[in-house]
**Student:** 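Structure incoming, see below.
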Amino acid sequence: MFNLKNDRYLRAILRKPVDVTPVWMMRQAGRYLPEYKKIRAKFNNFLSLCKNVDIACEITLQPLRRYNLDAAIVFSDILIIPDAMGLGLHFDEKNGPIFLHPITCQADVDRLPVHDPEQELSYVMNTIRMIHKNLKGEVPLLGFSGSPWTLATYMVEGGSSKVFNKIKKLMYSEPIILHKILNKLTENIILYLNAQICAGVQSVMLFDTWGGILNWSAYREFSLYYLHKIIDNLIRTNKGCYIPIVLFTKGGNQWLEDMAEIGCDALGIDWTINIGDARRRVGDKVAIQGNMDPSILYSSPLRIEKEVETILKSFGKGSGHIFNLGHGIHCDTPPENAGIFIESVHKLSRIWH
Ligand code: CP3
């Protein structure tokens with residue numbers, strides 16, 4: 001149906017019948033895998049992995065060689081957009097991402113460029129084209145971007161934050177400046193995701209990792225509004241195939257009904273909500289992706305199976321579920337436990353279809 005050997009992911013998003021529930025893991029390509037660590041050790045910074053087309057392609061494929069995953073996700077990072085916008089990103093071993101030129105004033109905002117992604121981010125599109133060739137239609141390839149709000153938090157805070165005081169101060173005291181940042185980001189993200197789609201990704205995911213730190217009206221004004229604008233402007237079919245969109249707002253469970261209204265095809269949910277309740281609340285508007293606590297992968301095979309079973313049972317009969325973790329896999333997860341998780345989803349979900 002989608003010119004793929006395994007089209008479970010795309011079928012499940014469109015709530016068409018599947019044999020078993022498809023499964024993939026956020027951050028599936030990365031630090032918990034010994035084969036990733038081996039490559040990582042040869043490079044002194046993480047960004048140079050993302051910018052090396054052969055390496056980024058290889059890392060994307062690593063988890064697919066190990067596990068029976070139903071989707072691949074391009075190896076990259078959400079922060080390469082602000083990097084391309086001139087903020088000078090580097091990754092510190094201890095503190096994570098750091099911007100050398102964070103946004104501190106109106107003049108910084110005025111300087112932010114809108115880019116042609118085939119120029120500044122050509123390495124991502126070249127990686128996508130290469131992965132596409134190597135995947136040989138086995139499973140769909142997912143592209144992604146951070147949400148404007150989530151990217152703005154890093155650009156204003158200058159890196160990761162626990163309290164988000166700089167961005168919240170800006171939001172409550174200079175909302176017009178923040179809207180200017182979010183508008184520039186929205187323009188760049190639309191161009192970037194459309195370039196990813198033209199290069200060959202078969203679905204896109206929007207990571208709104210920090211939407212959940214907002215109150216309801218701020219979430220609507222500073223995050224959801226821009227996500228809606230992005231979705232309205234994305235290319236929705238490529239080479240005759242529909243391109244589904246997944247929206248994940250971590251901590252956004254209280255707003256699922258509103259998130260389901262903006263034209264996405266699936267909602268990613270974290271583990272703090274019962275997936276059956278989420279399904280009932282969004283009805284037949286969208287599919288659901290999620291939602292096992294990644295920390296369960298620290299436990300035993302039996303405990304992992306039990307949790308998979310509970311989630312499958314909560315979701316209930318029928319299609320419309322893409323099994324995933326409720327957030328990215330932790331870097332100290334035993335790789336064999338990730339394997340048990342994926343096998344359990346396939347084995348235990350058959351009876352629900
Ligand atoms: O899912 C995948 O496997 C694709 C690759 C991917 C990465 N980051 C690779 C990565 C994706 C989809 C992301 C998204 C991302 N990046 C998000 C949104 C999703 C989420 O987890 O909430 C965010 C907030 C970031 C920003 C980011 N990147 C941080 C805060 C850090 C440092 C801390 C950490 O989590 O490792 C990164 C680095 C990063 N991105 C690594 C990887 C594999 C580790 C870098 C290393 O190996 O040194």
Side-chain angles (χ1 to χ4, degrees), residues 23-52 55-64 66-67 69 71-83 87 89-99 124 127-128 131 139 141-155 157-162 164 167 189 192-193 196 201 203-213 223 246-252 268-271 289-290 294 322 324-333 335 338:
V23 54
W24 70 280
M25 300 181 293
M26 288 193 264
R27 301 282 192 109
Q28 67 189 19
R31 287 194 300 193
Y32 68 107
L33 288 176
E35 53 271 38
Y36 170 81
K37 287 181 200 160
K38 215 167 145 191
I39 294 182
R40 179 74 181 82
K42 294 187 194 143
F43 288 76
N44 50 14
N45 74 76
F46 165 69
L47 263 189
S48 52
L49 294 181
C50 298
K51 292 183 180 177
N52 182 319
I55 297 287
C57 172
E58 167 60 21
I59 297 173
T60 302
L61 299 173
Q62 281 179 342
L64 287 119
R66 226 180 224 268
Y67 312 120
L69 290 156
I73 181 160
V74 179
F75 181 77
S76 185
D77 197 85
I78 62 166
L79 299 179
I80 62 166
I81 287 194
D83 182 51
L87 270 68
L89 172 65
H90 80 102
F91 280 87
D92 183 277
E93 287 300 324
K94 263 212 210 107
N95 303 309
I98 294 182
F99 285 108
V124 179
T127 300
I128 290 169
I131 301 168
V139 292
L141 177 61
L142 319 185
F144 67 88
S145 169
S147 70
W149 164 256
T150 292
L151 294 183
T153 66
Y154 288 96
M155 292 162 77
E157 296 291 335
S160 297
S161 176
K162 286 204 170 79
F164 300 94
I167 185 102
I189 291 168
Y192 177 52
L193 286 175
Q196 289 189 35
V201 301
S203 177
V204 298
M205 176 148 171
L206 290 160
F207 285 95
D208 186 28
T209 305
W210 302 119
I213 65 161
S223 191
V246 184
L247 167 60
F248 172 61
T249 290
K250 177 143 195 302
I269 56 171
D270 64 35
W271 60 89
Q289 177 170 281
I322 302 104
N324 205 315
L325 304 172
H327 200 195
I329 184 167
H330 297 307
C331 58
D332 53 351
T333 302

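Since the structure is predicted, the reported quantities are computational estimates derived from the model, not experimental observations. Both ligands and their constituent atoms are indexed starting at 1 by order of listing.
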**Student:** Of all the non-hydrogen atoms in the protein, which one sits nearest to atom 13 (C) of ligand 1, and at what distance?
**Tutor:** Arg27 NE, 3.4 Å

**Student:** Could you tell me the residue and atom name of the protein heavy atom closest to atom 23 (C) of ligand 1, and the distance to it rounded to 0.1 Å?
**Tutor:** Ile78 CD1, 3.4 Å

**Student:** Using a strict 4.0 Å cut-off to heavy atoms of Arg40, name the atoms of ligand 1 that fall inside it.
**Tutor:** 46 (C), 47 (O), 48 (O)

**Student:** Any atom of ligand 1 sitting under 4.0 Å from a heavy atom of Gly328?
**Tutor:** no

**Student:** Run the numbers on Met26 and Phe207 for side-chain contact (heavy atoms from CB on, under 4.5 Å), then give the verdict.
**Tutor:** CA-CA 10 Å; Met26 288 193 264; Phe207 285 95; 3.6 Å; yes

**Student:** To the nearest 0.1 Å, how far is atom 28 (N) of ligand 1 from its closest protein heavy atom, and which atom is that?
**Tutor:** Asp77 OD1, 2.7 Å

**Student:** Please check: side-chain N/O of Gln289 versus main-chain N/O of Val246, any donor-acceptor pairing under 3.5 Å?
**Tutor:** no

**Student:** Which word best sums up how the rings of Phe46 and Phe91 line up, parallel for under 30°, tilted for 30 to 60°, or perpendicular for over 60°?
**Tutor:** perpendicular

**Student:** Distance to 0.1 Å, residue and atom name: give those for the protein heavy atom nearest to atom 36 (O) of ligand 1.
**Tutor:** Arg31 NH2, 2.7 Å

**Student:** Okay, side chain of Thr150, backbone of Thr209: is any donor-acceptor separation there less than 3.5 Å?
**Tutor:** yes

**Student:** Quick one: which of Gln28, Met26, His327 has a heavy atom closest to atom 20 (C) of ligand 1?
**Tutor:** His327

**Student:** Considering residues, nucleotides and ligands other than Asp332, do more than 12 of their heavy atoms fall under 6.0 Å from its CG?
**Tutor:** yes

**Student:** Any idea which of Pro63, Ala29, Pro97 brings a heavy atom closest to atom 29 (C) of ligand 1?
**Tutor:** Pro97

**Student:** Name the one of Thr249, Ile78, Leu247 that satisfies side-chain contact (heavy atoms from CB on, under 4.5 Å) with Leu206?
**Tutor:** Leu247

**Student:** Among all protein heavy atoms, pick the one closest to atom 7 (C) of ligand 1 and tell me residue, atom and distance.
**Tutor:** Ser76 O, 3.2 Å

**Student:** Is there at least one pair of N or O atoms, one from Thr150 and one from ligand 1, spaced under 3.5 Å apart?
**Tutor:** no

**Student:** Please confirm whether the backbone N or O of Pro63 pairs with a side-chain atom of Tyr36, one donor and one acceptor, at under 3.5 Å?
**Tutor:** no

**Student:** List ligand 1 atoms under 4.0 Å from Thr209, heavy atoms only on the residue side.
**Tutor:** 18 (C), 19 (C), 20 (C), 22 (O), 24 (C)

**Student:** Are the side chain of Gln196 and the backbone N or O of Phe144 linked by a donor-acceptor pair below 3.5 Å?
**Tutor:** yes

**Student:** Do Arg40 and Glu93 sit within salt-bridge range, that is, some charged N less than 4.0 Å from a carboxylate O?
**Tutor:** yes

**Student:** Please list the nearest protein heavy atom to atom 12 (C) of ligand 1 with its residue and the distance rounded to 0.1 Å.
**Tutor:** Phe144 CZ, 3.4 Å

**Student:** Is there a side-chain contact between Val204 and Tyr192 (heavy atoms, below 4.5 Å)?
**Tutor:** no

**Student:** Quick check against the 3.5 Å criterion: does Asp270 have a side-chain atom that pairs as donor or acceptor with the backbone of Gly251?
**Tutor:** yes

**Student:** Using heavy-atom distances only, which candidate in Phe75, Phe207, Tyr154 approaches atom 19 (C) of ligand 1 most closely?
**Tutor:** Phe207

**Student:** Please confirm whether Val74 comes under 4.0 Å of ligand 1, counting heavy atoms of the residue only.
**Tutor:** yes

**Student:** Is Ser160 close to ligand 1, meaning an N/O of one under 3.5 Å from an N/O of the other?
**Tutor:** no

**Student:** So which of Tyr36, Trp210, Phe91, Phe248 gets nearest to atom 47 (O) of ligand 1, if we judge by its closest heavy atom?
**Tutor:** Tyr36

**Student:** For atom 45 (C) of ligand 1, find the nearest protein heavy atom and state the residue, atom name and distance (0.1 Å precision).
**Tutor:** Phe46 CD1, 3.3 Å

